[in-house]
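Owing to the predicted nature of the structure, the values given are computational and were not obtained by experimental measurement.
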Amino acid sequence: MPSSLAPTQSPRSDADLIRTNRGFYESLWSDARLVSPERFNTWPLVRELAAAAPRRLEVAPGLRPRLPLEGTCFVDLSHAALRKLSERGAEAVHGMIGTLPCADAQFDLVCAFDILEHVADDETALSELARVAAPGATLLMSVPLHPEAWTAFDDFVGHCRRYEPAQIVALLDRCGFHIERSAIYGMQPKSSRLLELGQHYLTHQRERAMWWYNRVFMPLGLRLQKPLQWRAGMGDTAGVDEVLLVCRKR
């Protein structure tokens, strides 16, 4: 059963997801550079988890993979992203989160950053992650919170929804996961004016926008990352734009 949407959010189908990918992400990844997992503030956690998980899957990483390139299976819809991941020696497979090209109980660590909010039927997508995860496997995922925080940027990048905290907890529970710990997460600028400028240049002057994105904004965002502060369970989500969850499959 798909999650309910806030009044400002319109339902999207798989066809919409593919169309958005082709119109925005395929072009974005064609012009962007791959950022190594070690550069993100998730790396201390990922390094710890990956050491105990020889079978790993990351879904829809684009060119921002969080799991180690070596020894991880990456599934993405973007051919541009898959090509660049493969050039770096990664195992990269074309597919969608709702119909993963993977066997049951195949992975000990499953990673899905910033993807569930893009999917029309999020419960089916999360059930697919549960299907390919072995019993006791770790699920590492991030989602945006609070439907009332919806902005034009959510529309621009193809979001279907933002989650109420209780909503994502219940969805995970129905799919056989429980949240062990969480952290405030995300690199979205807080300035609405900066977001509007970014959207304008990506739409009307993409080459110029990508130059600034690759050489200025992405390196600056990486440099300004703060160490993740972990708390048990979901934790306090008041004013939190996005949350990173470490879950365990029952």
### Query
Yes or no on side chain to side chain contact (heavy atoms under 4.5 Å, CB included) for Ile97 and Val119, after CA distance, side-chain angles and deciding distance?
CA-CA 8 Å; Ile97 189 172; Val119 181; 3.6 Å; yes
#### Entry: Check against side chain to side chain contact (heavy atoms under 4.5 Å, CB included), Tyr185 and Val240
CA-CA 8 Å; Tyr185 183 69; Val240 175; over 6 Å; no
### Query
Is there a side chain to side chain contact (heavy atoms under 4.5 Å, CB included) between Leu172 and Met141 once you walk through the steps?
CA-CA 11 Å; Leu172 284 162; Met141 63 178 292; 3.7 Å; yes
### Message
Could you go through Asp108 and Thr138, starting from their C-alpha distance and side-chain angles, then the distance that decides it, and tell me whether this counts as side chain to side chain contact (heavy atoms under 4.5 Å, CB included)?
### Response
CA-CA 6 Å; Asp108 307 302; Thr138 298; over 6 Å; no
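Using a distance-only test at 3.5 Å, with no hydrogens or angles considered, a donor-acceptor pair links the side chain of His118 to the main chain of Gly158. Although no hydrogens or angles enter the test, the distance criterion places no donor-acceptor pair under 3.5 Å between the side chain of Arg64 and the main chain of Pro37. Not one N or O on the side chain of Lys249 forms a donor-acceptor pair closer than 3.5 Å with the backbone of Leu139. Between the side chain of Arg250 and the backbone N or O of Cys175 there is no donor-acceptor pair closer than 3.5 Å. At least one donor-acceptor pair closer than 3.5 Å links the side chain of Ser182 to the backbone N or O of Met234. No donor-acceptor distance shorter than 3.5 angstrom exists from the side chain of Arg83 to the backbone of Ser78, with no hydrogens or angles considered. A donor-acceptor pair is defined here as one N or O able to donate and one able to accept, closer than 3.5 Å; such a pair exists between the side chain of Glu26 and the backbone of Ala80. Under a 3.5 Å cut-off, the side chain of Glu58 and the backbone N or O of Leu67 do form a donor-acceptor pair.
Looking at Arg161 and Glu117, no side-chain N of the basic residue comes within less than 4.0 Å of a carboxylate O on the acidic one, giving no salt bridge. Ion pair Glu123/Arg174 flagged as a salt bridge, since at least one NZ, NE, NH1 or NH2 atom sits closer than 4.0 Å to an Asp/Glu carboxylate oxygen.
Using a 3.5 Å distance cut-off with no hydrogens or angles, the side chains of Trp29 and Asp76 do not pair a donor with an acceptor. A side-chain N or O of Tyr163 and one of Asp122 form a donor-acceptor pair less than 3.5 Å apart.
Counting heavy atoms from C-beta on, the side chains of Phe113 and Thr42 come closer than 4.5 Å. The shortest side-chain heavy-atom distance between Leu140 and Leu245 does not fall under the 4.5 Å cut-off. Side-chain contact check for Arg162 versus His146: every heavy-atom pair is 4.5 Å or farther apart. Between Pro68 and Arg56 there is a side-chain heavy-atom pair separated by less than 4.5 Å. Inter-residue side-chain proximity for Thr72 and Leu57 is flagged as unmet; no heavy-atom pair is nearer than 4.5 Å. Phe40 is not listed as a side-chain neighbour of Val46, based on a closest heavy-atom distance of 4.5 Å or more. Two residues are said to be in side-chain contact when any heavy atoms from C-beta on lie closer than 4.5 Å; Leu145 and Val143 meet this criterion. Residues Ser127 and Leu129 form no side-chain contact, since every pair of their non-hydrogen atoms from C-beta on lies 4.5 Å or further apart.
Cation-pi geometry between Arg55 and Phe107 is not met: the NZ or CZ atom fails to fall both under 6.0 Å from the ring centre and inside 45° of the normal.
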Using atom types as modelled, flag every donor-acceptor pair under 3.5 Å from a side chain in residues 85-96 to any protein atom, sequence neighbours excluded.
residue, atom, partner, partner atom, Å
Ser86, OG, Leu82, O, 2.9
Arg88, NH2, Ser36, OG, 3.0
His94, NE2, Leu77, O, 3.2

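Expressed to the nearest 0.5 Å, how far CD1 of Ile168 lies from CD1 of Ile179 amounts to 7.0 Å. To the nearest 0.5 angstrom, Thr237 atom OG1 is 8.5 Å from Glu164 atom CD. Taking CG of Asp104 as the start and CZ of Arg131 as the end, the distance is 5.0 Å to the nearest 0.5 Å. Atom CG of Asp241 is separated from atom CD1 of Ile184 by 10.5 Å, given to the nearest 0.5 angstrom. With rounding to the nearest 0.5 angstrom, the CH2 atom of Trp43 is 13.5 Å from the CD atom of Gln225. Atom CG of residue Asn41 and atom CG of residue Leu244 lie 8.5 Å apart, to the nearest 0.5 angstrom.
In this view, Arg181 and Leu45, Glu48, Trp230, Val246 satisfy the side-chain contact (heavy atoms from CB on, under 4.5 Å) rule, not counting sequence neighbours. In terms of the salt bridge (charged side-chain N to carboxylate O under 4.0 Å, His left out) criterion, Asp114 has no residue partners (sequence neighbours excluded).
The environment of Glu38 atom CD is dense: over 12 non-hydrogen atoms of other residues, nucleotides or ligands sit within 6.0 angstrom.
Pairing each heavy atom of Ala125 with each of Leu116, the nearest pair is CB-CD1, 3.9 Å.
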